[in-house]
Asker: 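Sharing a structure with you now.
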2 protein chains.
Amino acid sequence: MAKAARDPEERIRERNMRLIIKAGIEIFARKGFDGTRIAEIAEASGLPKANVYYYFASKEEIYKAIISHLIASWDDALKYISPDREPAEAFRLYIKAKLDYTRKNTAESRLFASEIIQGARFLKKKDRDHMRQVTDAHVAVVEGWIAAGKMLPVDPRHLFIMLWASTQYYADFEPIAADGLKKPRLKAEDYETAAITITETILKGILPASAQRS
Amino acid sequence: MAKAARDPEERIRERNMRLIIKAGIEIFARKGFDGTRIAEIAEASGLPKANVYYYFASKEEIYKAIISHLIASWDDALKYISPDREPAEAFRLYIKAKLDYTRKNTAESRLFASEIIQGARFLKKKDRDHMRQVTDAHVAVVEGWIAAGKMLPVDPRHLFIMLWASTQYYADFEPIAADGLKKPRLKAEDYETAAITITETILKGILPASAQRS
DNA sequence: ACAAAAGCTGACCAAAGTGTCAACTTTCTT
DNA sequence: AAGAAAGTTGACACTTTGGTCAGCTTTTGT
(Lines give C-alpha, C1' and ligand atoms only; values in the text may rest on other atoms or scores of the structure.)
Protein backbone atom coordinates (compact mmCIF):
# COMPACT_ATOMS: atom_id res chain seq x y z
CA MET A 1 0.00 0.00 0.00
CA ALA A 2 2.53 2.52 1.16
CA LYS A 3 5.22 1.89 -1.42
CA ALA A 4 3.71 0.81 -4.68
CA ALA A 5 5.72 -1.65 -6.76
CA ARG A 6 6.91 0.14 -9.84
CA ASP A 7 9.02 -0.92 -12.74
CA PRO A 8 9.84 1.44 -15.61
CA GLU A 9 11.64 4.00 -13.47
CA GLU A 10 14.00 1.26 -12.39
CA ARG A 11 16.04 2.27 -15.43
CA ILE A 12 18.11 5.18 -14.13
CA ARG A 13 18.66 3.53 -10.81
CA GLU A 14 19.76 0.32 -12.50
CA ARG A 15 22.15 2.06 -14.82
CA ASN A 16 23.83 4.18 -12.17
CA MET A 17 24.16 1.35 -9.73
CA ARG A 18 25.76 -0.71 -12.46
CA LEU A 19 28.23 2.09 -13.19
CA ILE A 20 29.14 2.36 -9.54
CA ILE A 21 29.52 -1.38 -9.12
CA LYS A 22 31.63 -1.63 -12.22
CA ALA A 23 33.98 1.11 -11.08
CA GLY A 24 33.98 -0.34 -7.59
CA ILE A 25 35.10 -3.76 -8.76
CA GLU A 26 38.07 -2.29 -10.53
CA ILE A 27 39.18 -0.06 -7.69
CA PHE A 28 38.46 -2.36 -4.77
CA ALA A 29 40.43 -5.01 -6.64
CA ARG A 30 43.44 -2.74 -6.91
CA LYS A 31 43.33 -1.03 -3.55
CA GLY A 32 41.51 -3.37 -1.22
CA PHE A 33 38.66 -2.29 0.99
CA ASP A 34 40.56 0.05 3.28
CA GLY A 35 42.62 1.50 0.48
CA THR A 36 39.68 2.47 -1.69
CA ARG A 37 38.24 5.97 -1.56
CA ILE A 38 34.71 6.55 -2.65
CA ALA A 39 35.74 9.76 -4.32
CA GLU A 40 37.76 7.59 -6.66
CA ILE A 41 34.86 5.29 -7.37
CA ALA A 42 32.71 8.33 -8.02
CA GLU A 43 35.20 9.76 -10.47
CA ALA A 44 35.66 6.44 -12.27
CA SER A 45 31.93 5.99 -12.64
CA GLY A 46 31.47 9.55 -13.87
CA LEU A 47 29.12 10.47 -11.03
CA PRO A 48 29.57 13.07 -8.31
CA LYS A 49 30.41 11.61 -4.96
CA ALA A 50 27.14 12.71 -3.41
CA ASN A 51 25.32 10.83 -6.12
CA VAL A 52 27.12 7.63 -5.20
CA TYR A 53 25.87 8.13 -1.68
CA TYR A 54 22.38 8.54 -3.02
CA TYR A 55 22.47 4.91 -4.08
CA PHE A 56 24.69 3.34 -1.45
CA ALA A 57 24.64 4.25 2.20
CA SER A 58 28.29 3.47 2.77
CA LYS A 59 31.50 2.13 1.31
CA GLU A 60 30.85 -1.17 3.01
CA GLU A 61 27.52 -1.51 1.28
CA ILE A 62 29.04 -1.14 -2.18
CA TYR A 63 31.70 -3.66 -1.30
CA LYS A 64 29.29 -6.23 0.03
CA ALA A 65 27.01 -5.89 -2.96
CA ILE A 66 29.94 -6.69 -5.21
CA ILE A 67 31.13 -9.69 -3.22
CA SER A 68 27.77 -11.40 -3.10
CA HIS A 69 27.15 -10.93 -6.80
CA LEU A 70 30.58 -12.33 -7.52
CA ILE A 71 30.17 -15.56 -5.59
CA ALA A 72 26.89 -16.28 -7.30
CA SER A 73 28.42 -15.83 -10.73
CA TRP A 74 30.87 -18.66 -10.17
CA ASP A 75 28.61 -21.65 -10.14
CA ASP A 76 28.31 -21.77 -13.91
CA ALA A 77 31.93 -22.66 -14.36
CA LEU A 78 31.71 -25.47 -11.88
CA LYS A 79 28.97 -27.61 -13.31
CA TYR A 80 31.27 -29.99 -15.15
CA ILE A 81 32.28 -32.19 -12.24
CA SER A 82 29.39 -34.63 -12.36
CA PRO A 83 29.32 -38.39 -11.89
CA ASP A 84 27.98 -39.18 -15.35
CA ARG A 85 31.16 -37.82 -16.95
CA GLU A 86 34.53 -39.45 -17.36
CA PRO A 87 37.16 -37.76 -15.17
CA ALA A 88 39.41 -36.79 -18.06
CA GLU A 89 36.62 -35.00 -19.85
CA ALA A 90 35.22 -33.45 -16.68
CA PHE A 91 38.53 -31.96 -15.57
CA ARG A 92 39.35 -30.71 -19.04
CA LEU A 93 36.06 -28.84 -19.20
CA TYR A 94 36.34 -27.61 -15.62
CA ILE A 95 39.81 -26.20 -16.15
CA LYS A 96 38.84 -24.56 -19.41
CA ALA A 97 35.68 -23.01 -17.98
CA LYS A 98 37.46 -21.71 -14.91
CA LEU A 99 40.26 -20.17 -16.95
CA ASP A 100 37.73 -18.66 -19.33
CA TYR A 101 35.82 -17.09 -16.50
CA THR A 102 39.03 -15.83 -14.94
CA ARG A 103 40.25 -14.29 -18.17
CA LYS A 104 37.00 -12.48 -18.80
CA ASN A 105 36.58 -11.32 -15.21
CA THR A 106 40.05 -10.50 -14.03
CA ALA A 107 38.95 -7.60 -11.87
CA GLU A 108 36.35 -9.67 -10.02
CA SER A 109 38.86 -12.42 -9.54
CA ARG A 110 41.38 -10.01 -8.08
CA LEU A 111 38.77 -8.41 -5.87
CA PHE A 112 37.92 -11.78 -4.40
CA ALA A 113 41.59 -12.56 -3.92
CA SER A 114 42.07 -9.23 -2.22
CA GLU A 115 39.16 -9.84 0.11
CA ILE A 116 40.53 -13.23 1.11
CA ILE A 117 44.08 -12.05 1.63
CA GLN A 118 42.77 -9.26 3.79
CA GLY A 119 41.15 -11.81 6.03
CA ALA A 120 37.76 -12.48 4.43
CA ARG A 121 36.25 -9.82 6.65
CA PHE A 122 33.19 -9.24 4.50
CA LEU A 123 32.66 -12.71 3.10
CA LYS A 124 29.32 -13.70 4.54
CA LYS A 125 28.85 -17.00 6.28
CA LYS A 126 26.13 -17.77 3.77
CA ASP A 127 28.55 -17.40 0.89
CA ARG A 128 31.18 -19.50 2.59
CA ASP A 129 28.67 -22.23 3.31
CA HIS A 130 27.61 -22.21 -0.29
CA MET A 131 31.18 -22.64 -1.46
CA ARG A 132 31.72 -25.43 1.02
CA GLN A 133 28.66 -27.28 -0.21
CA VAL A 134 29.72 -27.08 -3.83
CA THR A 135 33.14 -28.36 -2.86
CA ASP A 136 31.68 -31.23 -0.87
CA ALA A 137 29.61 -32.30 -3.84
CA HIS A 138 32.64 -32.24 -6.12
CA VAL A 139 34.69 -34.18 -3.61
CA ALA A 140 32.00 -36.85 -3.48
CA VAL A 141 32.07 -37.21 -7.24
CA VAL A 142 35.84 -37.57 -7.28
CA GLU A 143 35.69 -40.13 -4.49
CA GLY A 144 33.24 -42.08 -6.60
CA TRP A 145 35.63 -42.01 -9.53
CA ILE A 146 38.46 -43.19 -7.33
CA ALA A 147 36.34 -46.02 -5.92
CA ALA A 148 35.45 -47.04 -9.45
CA GLY A 149 39.12 -47.21 -10.37
CA LYS A 150 38.78 -44.37 -12.83
CA MET A 151 41.24 -42.22 -10.93
CA LEU A 152 44.32 -42.79 -8.84
CA PRO A 153 43.76 -42.30 -5.10
CA VAL A 154 44.55 -38.59 -4.78
CA ASP A 155 43.29 -36.42 -1.95
CA PRO A 156 40.34 -34.76 -3.71
CA ARG A 157 40.35 -31.64 -1.56
CA HIS A 158 43.97 -30.83 -2.18
CA LEU A 159 43.43 -31.62 -5.83
CA PHE A 160 40.71 -29.00 -6.06
CA ILE A 161 42.88 -26.49 -4.26
CA MET A 162 45.52 -27.11 -6.91
CA LEU A 163 42.98 -26.38 -9.59
CA TRP A 164 41.63 -23.25 -7.94
CA ALA A 165 45.15 -21.99 -7.41
CA SER A 166 46.43 -22.78 -10.87
CA THR A 167 43.49 -21.25 -12.68
CA GLN A 168 43.20 -18.10 -10.60
CA TYR A 169 46.88 -17.30 -10.64
CA TYR A 170 46.79 -15.97 -14.17
CA ALA A 171 44.39 -13.20 -13.24
CA ASP A 172 45.35 -12.51 -9.65
CA PHE A 173 49.08 -12.42 -10.20
CA GLU A 174 49.12 -11.42 -13.83
CA PRO A 175 52.35 -9.38 -13.65
CA ILE A 176 54.23 -12.36 -12.25
CA ALA A 177 52.61 -14.85 -14.61
CA ALA A 178 53.47 -12.62 -17.55
CA ASP A 179 57.06 -12.29 -16.38
CA GLY A 180 57.21 -16.06 -16.00
CA LEU A 181 56.03 -16.50 -19.57
CA LYS A 182 58.38 -13.77 -20.80
CA LYS A 183 55.52 -11.74 -22.21
CA PRO A 184 54.61 -8.13 -21.56
CA ARG A 185 50.96 -9.03 -20.96
CA LEU A 186 48.82 -12.15 -21.02
CA LYS A 187 46.69 -12.77 -24.08
CA ALA A 188 43.92 -15.21 -24.88
CA GLU A 189 46.41 -17.64 -26.37
CA ASP A 190 48.33 -17.75 -23.11
CA TYR A 191 45.18 -18.85 -21.36
CA GLU A 192 44.83 -21.54 -24.03
CA THR A 193 48.31 -22.85 -23.39
CA ALA A 194 47.66 -22.68 -19.67
CA ALA A 195 44.54 -24.80 -20.06
CA ILE A 196 46.41 -27.39 -22.06
CA THR A 197 49.38 -27.55 -19.71
CA ILE A 198 47.28 -27.74 -16.57
CA THR A 199 45.00 -30.37 -18.05
CA GLU A 200 47.78 -32.55 -19.38
CA THR A 201 49.79 -32.28 -16.20
CA ILE A 202 46.89 -33.05 -13.94
CA LEU A 203 45.80 -36.01 -16.03
CA LYS A 204 49.08 -37.61 -17.02
CA GLY A 205 51.72 -36.04 -14.83
CA ILE A 206 55.08 -35.01 -16.18
CA LEU A 207 56.99 -38.27 -16.02
CA PRO A 208 57.20 -40.56 -19.03
CA ALA A 209 55.51 -43.96 -18.80
CA SER A 210 58.86 -45.66 -18.30
CA ALA A 211 59.46 -43.73 -15.10
CA GLN A 212 56.00 -44.22 -13.61
CA ARG A 213 55.30 -46.62 -10.71
CA SER A 214 58.80 -46.14 -9.42
CA MET B 1 85.85 11.15 8.06
CA ALA B 2 82.57 12.85 8.69
CA LYS B 3 80.56 9.86 9.78
CA ALA B 4 82.71 7.37 11.55
CA ALA B 5 81.78 3.73 11.13
CA ARG B 6 80.42 2.50 14.43
CA ASP B 7 79.04 -0.81 15.47
CA PRO B 8 77.88 -1.43 19.05
CA GLU B 9 75.25 1.31 19.04
CA GLU B 10 73.68 -0.36 16.03
CA ARG B 11 71.80 -2.34 18.64
CA ILE B 12 68.90 -0.02 19.45
CA ARG B 13 68.49 1.04 15.88
CA GLU B 14 68.54 -2.56 14.72
CA ARG B 15 66.05 -3.69 17.27
CA ASN B 16 63.55 -0.92 16.64
CA MET B 17 63.77 -1.20 12.90
CA ARG B 18 63.17 -4.92 13.22
CA LEU B 19 60.11 -4.29 15.38
CA ILE B 20 58.74 -1.84 12.87
CA ILE B 21 59.41 -4.13 9.92
CA LYS B 22 57.85 -7.07 11.69
CA ALA B 23 54.70 -5.15 12.50
CA GLY B 24 54.69 -3.68 9.01
CA ILE B 25 54.77 -7.08 7.31
CA GLU B 26 51.72 -8.20 9.24
CA ILE B 27 49.68 -5.08 8.64
CA PHE B 28 50.69 -4.36 5.05
CA ALA B 29 49.79 -7.98 4.29
CA ARG B 30 46.32 -7.54 5.71
CA LYS B 31 45.54 -4.04 4.53
CA GLY B 32 47.66 -3.45 1.47
CA PHE B 33 49.79 -0.36 0.99
CA ASP B 34 47.02 2.20 0.76
CA GLY B 35 44.99 0.61 3.50
CA THR B 36 47.77 0.61 6.06
CA ARG B 37 48.13 3.43 8.58
CA ILE B 38 51.43 4.08 10.22
CA ALA B 39 49.72 4.74 13.49
CA GLU B 40 48.69 1.10 13.38
CA ILE B 41 52.22 -0.06 12.65
CA ALA B 42 53.44 2.11 15.49
CA GLU B 43 50.94 0.64 17.92
CA ALA B 44 51.69 -2.93 16.83
CA SER B 45 55.42 -2.41 17.24
CA GLY B 46 54.98 -0.81 20.64
CA LEU B 47 56.60 2.46 19.57
CA PRO B 48 55.08 5.92 19.43
CA LYS B 49 54.30 7.06 15.93
CA ALA B 50 56.90 9.81 15.98
CA ASN B 51 59.51 7.22 16.78
CA VAL B 52 58.61 5.24 13.71
CA TYR B 53 59.23 8.37 11.68
CA TYR B 54 62.57 8.71 13.34
CA TYR B 55 63.67 5.53 11.57
CA PHE B 56 61.71 5.68 8.35
CA ALA B 57 61.03 8.84 6.38
CA SER B 58 57.71 7.64 5.02
CA LYS B 59 55.25 4.82 4.73
CA GLU B 60 56.61 4.01 1.30
CA GLU B 61 60.09 3.55 2.70
CA ILE B 62 58.96 0.96 5.22
CA TYR B 63 57.05 -0.87 2.52
CA LYS B 64 59.93 -0.92 0.06
CA ALA B 65 62.34 -2.13 2.70
CA ILE B 66 60.06 -5.07 3.38
CA ILE B 67 59.56 -6.01 -0.26
CA SER B 68 63.23 -6.11 -1.14
CA HIS B 69 64.13 -8.18 1.87
CA LEU B 70 61.35 -10.59 1.00
CA ILE B 71 62.41 -11.29 -2.57
CA ALA B 72 65.95 -11.98 -1.48
CA SER B 73 64.79 -14.52 1.07
CA TRP B 74 63.19 -16.69 -1.57
CA ASP B 75 66.18 -18.02 -3.41
CA ASP B 76 66.94 -20.64 -0.80
CA ALA B 77 63.81 -22.60 -1.53
CA LEU B 78 64.53 -22.66 -5.23
CA LYS B 79 67.91 -24.29 -5.38
CA TYR B 80 66.62 -27.78 -6.04
CA ILE B 81 65.94 -27.50 -9.73
CA SER B 82 69.40 -28.36 -11.03
CA PRO B 83 70.45 -30.50 -13.99
CA ASP B 84 72.36 -33.05 -11.93
CA ARG B 85 69.17 -34.16 -10.21
CA GLU B 86 66.48 -36.48 -11.47
CA PRO B 87 63.22 -34.60 -12.15
CA ALA B 88 61.14 -36.61 -9.70
CA GLU B 89 63.50 -35.88 -6.85
CA ALA B 90 64.02 -32.25 -7.83
CA PHE B 91 60.31 -31.44 -7.97
CA ARG B 92 59.59 -33.25 -4.74
CA LEU B 93 62.21 -31.21 -2.93
CA TYR B 94 61.17 -27.98 -4.64
CA ILE B 95 57.53 -28.41 -3.68
CA LYS B 96 58.39 -29.32 -0.13
CA ALA B 97 60.79 -26.41 0.30
CA LYS B 98 58.34 -23.92 -1.17
CA LEU B 99 55.48 -25.12 1.02
CA ASP B 100 57.75 -25.06 4.06
CA TYR B 101 58.78 -21.51 3.39
CA THR B 102 55.19 -20.49 2.78
CA ARG B 103 53.97 -22.08 6.00
CA LYS B 104 56.65 -20.42 8.08
CA ASN B 105 56.28 -17.03 6.43
CA THR B 106 52.59 -16.64 5.75
CA ALA B 107 52.57 -12.91 6.38
CA GLU B 108 55.41 -12.23 3.94
CA SER B 109 53.73 -14.44 1.39
CA ARG B 110 50.49 -12.54 1.72
CA LEU B 111 52.24 -9.21 1.58
CA PHE B 112 53.84 -10.16 -1.70
CA ALA B 113 50.52 -11.39 -3.02
CA SER B 114 48.89 -8.16 -1.97
CA GLU B 115 51.57 -6.11 -3.68
CA ILE B 116 51.12 -8.03 -6.93
CA ILE B 117 47.34 -7.92 -6.90
CA GLN B 118 47.52 -4.21 -6.33
CA GLY B 119 49.53 -3.86 -9.51
CA ALA B 120 53.15 -4.45 -8.43
CA ARG B 121 53.55 -0.71 -7.95
CA PHE B 122 56.54 -0.96 -5.65
CA LEU B 123 58.20 -4.07 -7.03
CA LYS B 124 61.50 -2.77 -8.34
CA LYS B 125 62.67 -3.60 -11.81
CA LYS B 126 65.77 -5.07 -10.25
CA ASP B 127 63.71 -7.53 -8.24
CA ARG B 128 61.60 -8.49 -11.23
CA ASP B 129 64.68 -9.06 -13.34
CA HIS B 130 66.13 -11.26 -10.66
CA MET B 131 62.97 -13.37 -10.55
CA ARG B 132 62.96 -13.64 -14.31
CA GLN B 133 66.54 -14.85 -14.38
CA VAL B 134 65.92 -17.53 -11.81
CA THR B 135 62.92 -18.69 -13.79
CA ASP B 136 64.88 -18.77 -17.04
CA ALA B 137 67.50 -20.95 -15.43
CA HIS B 138 64.88 -23.36 -14.14
CA VAL B 139 63.18 -23.48 -17.51
CA ALA B 140 66.46 -24.37 -19.16
CA VAL B 141 66.95 -27.26 -16.75
CA VAL B 142 63.48 -28.59 -17.44
CA GLU B 143 64.01 -28.29 -21.17
CA GLY B 144 67.15 -30.35 -20.74
CA TRP B 145 65.21 -33.03 -18.91
CA ILE B 146 62.58 -33.07 -21.64
CA ALA B 147 65.22 -33.35 -24.36
CA ALA B 148 66.78 -36.23 -22.46
CA GLY B 149 63.45 -38.03 -22.37
CA LYS B 150 63.28 -37.76 -18.60
CA MET B 151 60.08 -35.73 -18.74
CA LEU B 152 57.07 -35.52 -20.99
CA PRO B 153 57.03 -32.42 -23.22
CA VAL B 154 55.18 -29.99 -20.95
CA ASP B 155 55.44 -26.23 -21.27
CA PRO B 156 57.97 -25.53 -18.50
CA ARG B 157 56.83 -21.97 -17.84
CA HIS B 158 53.23 -22.91 -17.28
CA LEU B 159 54.39 -25.83 -15.18
CA PHE B 160 56.27 -23.49 -12.87
CA ILE B 161 53.28 -21.19 -12.65
CA MET B 162 51.25 -24.20 -11.52
CA LEU B 163 53.79 -24.86 -8.81
CA TRP B 164 53.99 -21.27 -7.63
CA ALA B 165 50.21 -21.06 -7.56
CA SER B 166 49.63 -24.36 -5.80
CA THR B 167 52.22 -23.77 -3.12
CA GLN B 168 51.34 -20.15 -2.35
CA TYR B 169 47.62 -20.71 -2.21
CA TYR B 170 47.76 -22.27 1.23
CA ALA B 171 49.14 -19.11 2.79
CA ASP B 172 47.60 -16.43 0.62
CA PHE B 173 44.09 -17.83 0.62
CA GLU B 174 44.20 -19.70 3.88
CA PRO B 175 40.54 -19.16 4.79
CA ILE B 176 39.43 -20.69 1.50
CA ALA B 177 41.96 -23.49 1.63
CA ALA B 178 40.86 -24.33 5.16
CA ASP B 179 37.20 -24.31 4.12
CA GLY B 180 38.09 -26.57 1.21
CA LEU B 181 39.75 -29.01 3.57
CA LYS B 182 36.91 -28.75 6.07
CA LYS B 183 39.22 -27.58 8.81
CA PRO B 184 38.98 -24.48 10.98
CA ARG B 185 42.65 -23.64 10.38
CA LEU B 186 45.56 -25.12 8.49
CA LYS B 187 48.14 -27.04 10.47
CA ALA B 188 51.56 -28.42 9.65
CA GLU B 189 50.05 -31.77 8.72
CA ASP B 190 47.86 -30.13 6.10
CA TYR B 191 50.97 -28.72 4.48
CA GLU B 192 52.38 -32.25 4.54
CA THR B 193 49.37 -33.66 2.75
CA ALA B 194 49.48 -30.78 0.33
CA ALA B 195 53.10 -31.54 -0.51
CA ILE B 196 52.29 -35.19 -1.14
CA THR B 197 49.24 -34.50 -3.25
CA ILE B 198 50.90 -31.83 -5.35
CA THR B 199 54.00 -33.93 -5.88
CA GLU B 200 52.13 -37.10 -6.78
CA THR B 201 49.76 -35.29 -9.08
CA ILE B 202 52.47 -33.37 -10.86
CA LEU B 203 54.60 -36.46 -11.34
CA LYS B 204 52.05 -39.15 -12.14
CA GLY B 205 48.83 -37.35 -12.92
CA ILE B 206 45.50 -38.55 -11.64
CA LEU B 207 44.57 -41.12 -14.26
CA PRO B 208 45.41 -44.79 -13.75
CA ALA B 209 47.95 -46.37 -16.08
CA SER B 210 45.19 -48.10 -18.01
CA ALA B 211 43.69 -44.78 -19.04
CA GLN B 212 46.97 -43.08 -20.03
CA ARG B 213 47.96 -42.47 -23.65
CA SER B 214 44.34 -42.29 -24.68
C1' DA C 1 -0.75 20.14 -16.63
C1' DC C 2 0.91 19.49 -12.28
C1' DA C 3 1.97 17.47 -7.98
C1' DA C 4 4.67 13.93 -6.12
C1' DA C 5 8.35 10.99 -6.37
C1' DA C 6 12.96 10.19 -7.85
C1' DG C 7 17.28 11.88 -8.94
C1' DC C 8 21.14 15.19 -8.46
C1' DT C 9 24.87 17.86 -6.38
C1' DG C 10 27.89 21.82 -4.36
C1' DA C 11 29.11 22.87 -0.08
C1' DC C 12 30.07 21.44 4.29
C1' DC C 13 31.64 18.65 8.63
C1' DA C 14 33.98 15.81 11.88
C1' DA C 15 37.21 12.32 12.04
C1' DA C 16 41.31 10.27 10.63
C1' DG C 17 45.54 10.34 8.29
C1' DT C 18 50.54 11.70 7.15
C1' DG C 19 54.28 13.81 8.40
C1' DT C 20 56.96 17.60 11.35
C1' DC C 21 59.32 19.60 15.22
C1' DA C 22 61.28 21.42 19.26
C1' DA C 23 62.43 20.05 23.53
C1' DC C 24 63.80 16.29 26.41
C1' DT C 25 66.31 11.89 27.88
C1' DT C 26 69.50 8.24 27.18
C1' DT C 27 73.67 6.34 25.50
C1' DC C 28 78.26 6.68 23.70
C1' DT C 29 83.14 8.38 23.38
C1' DT C 30 87.07 10.09 25.20
C1' DA D 1 82.69 13.70 33.95
C1' DA D 2 80.98 16.11 30.24
C1' DG D 3 80.08 17.12 25.50
C1' DA D 4 78.22 14.91 21.50
C1' DA D 5 75.48 11.82 19.22
C1' DA D 6 71.51 9.00 19.15
C1' DG D 7 67.03 8.14 20.56
C1' DT D 8 62.30 9.63 22.24
C1' DT D 9 57.87 11.81 22.09
C1' DG D 10 53.68 15.00 22.91
C1' DA D 11 51.77 18.29 20.49
C1' DC D 12 50.87 20.37 16.20
C1' DA D 13 49.96 21.52 11.15
C1' DC D 14 47.98 20.31 7.16
C1' DT D 15 45.47 17.11 4.02
C1' DT D 16 42.36 13.60 2.89
C1' DT D 17 38.37 10.98 3.69
C1' DG D 18 33.68 9.16 4.74
C1' DG D 19 29.50 10.79 5.04
C1' DT D 20 25.53 14.56 5.33
C1' DC D 21 22.24 17.87 3.73
C1' DA D 22 19.39 21.39 1.92
C1' DG D 23 17.81 22.86 -2.07
C1' DC D 24 17.67 22.15 -6.88
C1' DT D 25 16.13 19.61 -11.42
C1' DT D 26 14.10 15.79 -13.87
C1' DT D 27 10.89 12.08 -14.43
C1' DT D 28 6.55 9.97 -13.85
C1' DG D 29 1.66 8.91 -12.82
C1' DT D 30 -2.79 10.68 -13.39
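Just so it is clear: chains get the letters A, B, ... in the order the sequence lines come, proteins before strands, and each one is counted from 1. None of these values were measured; they are calculated from a predicted model.
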Asker: Look at B:R132 together with A:D179 and state whether they make a salt bridge at an N to O cut-off of under 4.0 Å.
Answerer: yes

Asker: From the list D:dG18, C:dC8, C:dG19, which nucleotide is the closest neighbour of the side chain of A:K59?
Answerer: D:dG18

Asker: Return yes if some donor-acceptor pair links the side-chain N/O of B:R110 with the main-chain N/O of A:I117 below 3.5 Å, else return no.
Answerer: no

Asker: Determine whether a donor-acceptor pair (N or O, by modelled atom type, separation under 3.5 Å) exists between the side chain of A:S166 and the backbone of A:L163.
Answerer: no

Asker: Please tell me if A:N16 has a side-chain N or O lying less than 4.0 Å from either OP1 or OP2 of C:dA6.
Answerer: no

Asker: Rounded to whole angstrom units, what separation is found between the CD1 atom of A:I20 and the C1' atom of D:dG18?
Answerer: 15 Å

Asker: Round to the nearest Å and state the distance from A:I12 atom CD1 to C:dA6 atom P.
Answerer: 12 Å

Asker: Reckon A:Y55 has a side-chain N or O less than 4.0 Å from the OP1 or OP2 of C:dC8?
Answerer: yes

Asker: Round to a whole Å and report the spacing from CD of A:E14 to C1' of C:dA6.
Answerer: 15 Å

Asker: How would you list, by chain and number, every residue that makes a side-chain contact (heavy atoms from CB on, under 4.5 Å) with B:A194, sequence neighbours excluded?
Answerer: A:H158, B:L99, B:Y170

Asker: Rounded to whole Å, please give me the gap between CD1 in A:I62 and P in D:dT17.
Answerer: 15 Å

Asker: Is the backbone N or O of A:N105 less than 3.5 Å from a side-chain atom of A:S109, with the two atoms forming a donor-acceptor pair by type?
Answerer: no

Asker: May I ask you to list the residues of residues 38-51 of chain A, by number, that have any heavy atom positioned under 4.0 Å from an atom of DNA chain C?
Answerer: A:P48, A:A50, A:N51

Asker: Would you kindly give the OH-to-P distance between B:Y63 and C:dT18, to the nearest whole Å?
Answerer: 15 Å

Asker: Between B:R13 and D:dG7, is there a side-chain N or O to OP1/OP2 distance below 4.0 Å?
Answerer: yes

Asker: Taking CG from A:L19 and P from C:dG7, how many angstroms apart are they, rounded to a whole number?
Answerer: 14 Å

Asker: Could you tell me whether the side chain of B:T193 and the main chain of B:E189 form a donor-acceptor pair under 3.5 Å?
Answerer: yes

Asker: Would you mind reading off the distance between A:F56 atom CZ and D:dG18 atom C1', rounded to a whole angstrom?
Answerer: 16 Å

Asker: Looking at A:Y54, does any N or O in its side chain come under 4.0 Å of the phosphate oxygens OP1/OP2 on C:dG7?
Answerer: yes

Asker: Whether A:K187 and A:D190 form a salt bridge (side-chain N of Lys/Arg under 4.0 Å from carboxylate O of Asp/Glu) is what I want to check.
Answerer: no

Asker: Using whole Å, report how far CZ of B:R15 lies from P of C:dT27.
Answerer: 11 Å

